Undergrad: 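Below is the structure I would like to discuss, written out as structure tokens.
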Amino acid sequence: MAAHRKPKQSPLGGQAVRTAATLALASAATTTLFEGSAQAEPRPTTAQVKAKVDRLYEEAEVATERYNGAKEKADEARASFDRLRDEAARRTQRLNTARDRLGAMAAAQYRSGGLDPAVRLALTSDPVEYLERAALAEKAGDRQAAAVSAVRRELGAIRQLRAESEGRLTSLREHETELRRQKAAVHDKLQAARTLLARLTAEERARYEAATAGRDGAATGGSADQDGTTASGASAPVRADRSSGGERTSVTAPNARAAEAISFARAQLGKPYVWGATGPSGYDCSGLTQAAWRAAGISLPRTTYTQINAGQRVSRAQLAPGDLVFFYSGISHVGLYIGGGQMIHAPRPGAPIRVAPIDEMPFAGATRVG
């Protein structure tokens with residue numbers, strides 16, 4: 001019967017089946033491997049790396065100026081809070097003194113018995129003596145009333161100071177939060193730039209540095225942080241680059257203050273760019289211009305986007321030595337104009353303070369402060 005027939009054998013034996021399965025898997029794996037290789041991103045060229053690093057450094061500078069602004073506001077809020085706290089302490093001391101005086105008066109009144117004046121008159125055999133004592137008591141009452149008023153005034157002032165202090169403390173904490181956020185943003189951008197540069201071979205790095213030197217005037221060997229060190233932990237390079245018109249030229253400053261600002265800036269040539277720094281060992285771009293004009297006796301605000309409004313706006317055709325020149329649409333970079341189309345500026349991480357043409361970046365405006 002059909003039920004007892006021998007099962008039909010497969011044309012391939014067991015070994016043959018296993019071999020075919022193995023080949024199929026190998027073929028699938030090979031196909032996947034080739035497909036994955038075809039989809040892998042091509043290795044970026046040196047020019048592409050430079051473009052990405054340039055963008056990251058520009059974004060880091062934007063974050064740096066925001067950090068500078070947040071730090072300035074945090075410092076102001078802290079100083080205001082400290083002043084209020086000190087004033088509250090002085091008021092508290094005056095309050096304690098007034099309370100002690102009031103307590104002494106109360107104790108004296110207690111020792112005198114605090115009798116009603118009519119009773120005292122009834123008990124006093126000499127009316128003249130009573131009237132003298134009543135006059136003294138009235139004066140003492142006036143002094144006591146004045147002491148009570150003083151206590152009330154100090155209490156009110158202290159309550160107001162405490163309320164203002166709480167507001168300043170809240171503002172301080174908000175600015176400190178923003179400060180930490182912008183600091184993290186700077187670190188992230190700089191770290192991303194370091195990571196990109198680390199992928200380059202020695203030959204590619206040499207080509208990158210050659211391409212960068214034309215703009216920054218120095219090899220970008222590392223990003224100087226606020227402690228003035230590079231990513232590798234070594235000291236940031238200190239060297240003056242005078243390759244782009246950096247030699248002293250006989251450009252006459254319009255006034256003594258502008259000449260002093262330029263002289264100070266020249267003395268900083270070769271010092272490292274250090275983000276968030278205002279000297280003396282390193283500077284960021286706005287820190288350098290602020291310090292230069294401070295040396296000339298003029299106080300500038302801390303950031304690029306506030307410095308541009310610190311004086312009279314001038315056109316590019318009206319530029320004179322000592323003017324502040326600003327770059328990029330976000331006003332994120334500033335230099336000190338020295339004449340002849342040149343400026344002194346702190347360029348970027350890894351590049352020291354140098355003289356450079358103002359044409360190397362997108363011009364955004366200029367301001368005359370002296």
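Just so you know, these numbers use all the heavy atoms, side chains as well, and skip hydrogens, waters and symmetry mates. The model shown is predicted, which means the values in this text are computed figures rather than measured ones.
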Undergrad: Is there side-chain contact between Leu324 and Tyr337, with at least one heavy-atom pair below 4.5 Å?
TA: no
Undergrad: Given side chains that start at C-beta, do those of His333 and Thr304 come closer than 4.5 Å, heavy atoms only?
TA: no
Undergrad: Less than 4.0 angstrom from a charged side-chain N to a carboxylate O is my criterion; do Arg302 and Asp284 meet it?
TA: yes
Undergrad: List the steps, then state whether side chain to side chain donor-acceptor pair (under 3.5 Å) holds for Ser315 with Gln318.
TA: CA-CA 5 Å; Ser315 69; Gln318 296 172 320; 3.3 Å; yes
Undergrad: Do any N or O atoms from the side chain of Glu65 and from the backbone of Thr303 form a donor-acceptor pair under 3.5 angstrom?
TA: no
Undergrad: Can you tell which of Lys52, Lys189, Arg66 makes a salt bridge (Lys or Arg N to Asp or Glu O under 4.0 Å) with Glu59?
TA: Lys189
Undergrad: Would you find a donor on one side and an acceptor on the other, under 3.5 Å apart, between the side chain of Ser165 and the backbone of Leu161?
TA: yes
Undergrad: With the 4.5 Å side-chain cut-off for hydrophobic clustering, are Val186 and Val62 part of the same group?
TA: no
Undergrad: Checking side chain to side chain contact (heavy atoms under 4.5 Å, CB included) for the pair Arg55/Lys50: CA distance, chi angles, key distance, verdict?
TA: CA-CA 8 Å; Arg55 186 178 68 253; Lys50 182 181 182 302; over 6 Å; no
Undergrad: Between Arg348 and Val53, is there a side-chain heavy-atom distance shorter than 4.5 Å?
TA: yes
Undergrad: Does the pair His345 and Met361 meet the rule for a side chain to side chain contact (heavy atoms under 4.5 Å, CB included), with working shown?
TA: CA-CA 12 Å; His345 73 144; Met361 289 176 285; 3.7 Å; yes
Undergrad: With rounding to the nearest 0.5 angstrom, report the CZ to CG distance, Arg316 to Asp359.
TA: 4.5 Å
Undergrad: What is the minimum heavy-atom distance between Met343 and Gly335, and which atoms define it?
TA: SD-CA, 4.0 Å
Undergrad: Can you hop from Phe81 to Leu179 via hydrophobic side chains spaced under 4.5 Å?
TA: no
Undergrad: Would you call Asp82-Arg78 a salt bridge at under 4.0 Å N-O?
TA: no
Undergrad: Say whether, by atom type as modelled, one donor and one acceptor occur between the side chain of Thr64 and the main chain of Ala60 under 3.5 angstrom.
TA: yes
Undergrad: Does some side-chain heavy atom of Thr289 sit less than 4.5 Å from a side-chain heavy atom of Ile344?
TA: no
Undergrad: Could you check Phe326 against Thr367 for side chain to side chain contact (heavy atoms under 4.5 Å, CB included), going step by step and ending with a plain yes or no?
TA: CA-CA 8 Å; Phe326 299 87; Thr367 294; 3.8 Å; yes
Undergrad: Which atom names give the shortest non-hydrogen contact between Ala320 and Pro254, and what distance separates them?
TA: CB-CG, 4.3 Å
Undergrad: Report the C-alpha distance between Gln268 and Leu288 in whole Å, list the side-chain angles of each, state the deciding distance to 0.1 Å, and finish with yes or no for side chain to side chain contact (heavy atoms under 4.5 Å, CB included).
TA: CA-CA 8 Å; Gln268 313 312 309; Leu288 175 64; 3.9 Å; yes
Undergrad: Tell me the closest heavy-atom pair linking Gly282 and Val274, and the distance in Å.
TA: CA-CG2, 4.0 Å
Undergrad: For Asp188, check salt bridge (charged side-chain N to carboxylate O under 4.0 Å, His left out) against everything at least two apart and list the hits.
TA: none
Undergrad: Side chain of Asn309, backbone of Thr306: donor and acceptor closer than 3.5 Å?
TA: no
Undergrad: Not counting sequence neighbours, which residues clear side chain to side chain donor-acceptor pair (under 3.5 Å) with Thr201? List them please.
TA: Glu204
Undergrad: Any chance the side chains of Glu174 and Thr177 put a donor and an acceptor closer than 3.5 Å?
TA: no
Undergrad: Verify the cluster assignment for Leu56 and Tyr273: are they in a single hydrophobic cluster under the rule of side-chain heavy atoms below 4.5 Å apart?
TA: yes
Undergrad: Judged by atom type as modelled, is there a donor-acceptor pair below 3.5 Å linking the side chain of Thr195 to the main-chain atoms of Gln191?
TA: yes
Undergrad: Indicate yes or no: at least one non-hydrogen side-chain atom of Arg354 is less than 4.5 angstrom from one of Lys271.
TA: no
Undergrad: Are Arg181 and Glu178 within salt-bridge range, i.e. N to O under 4.0 Å?
TA: yes
Undergrad: Taking the side chain as everything from C-beta on, heavy atoms only, tell me whether Arg168 gets closer than 4.5 Å to Leu84.
TA: yes
Undergrad: Can you check whether Arg257 reaches Val369 side chain to side chain, under 4.5 Å on heavy atoms?
TA: no
Undergrad: Would a 4.5 Å heavy-atom cut-off, applied to side chains only, mark Phe363 and Phe327 as touching?
TA: yes
Undergrad: Mind checking whether Ile262 and Trp293 sit in one hydrophobic cluster, side chains of I, L, V, M, F, W, Y counted as touching below 4.5 Å?
TA: yes
Undergrad: For the ring pair Tyr67 and Trp275, is the centre-to-centre distance below 6.0 Å?
TA: yes
Undergrad: Considering only NZ, NE, NH1 and NH2 on the basic side and carboxylate oxygens on the acidic side, decide whether Arg90 and Asp86 come within less than 4.0 Å.
TA: no
Undergrad: What closest approach, in Å, do Pro321 and Ala258 show between heavy atoms, and which atom pair accounts for it?
TA: O-CB, 3.6 Å
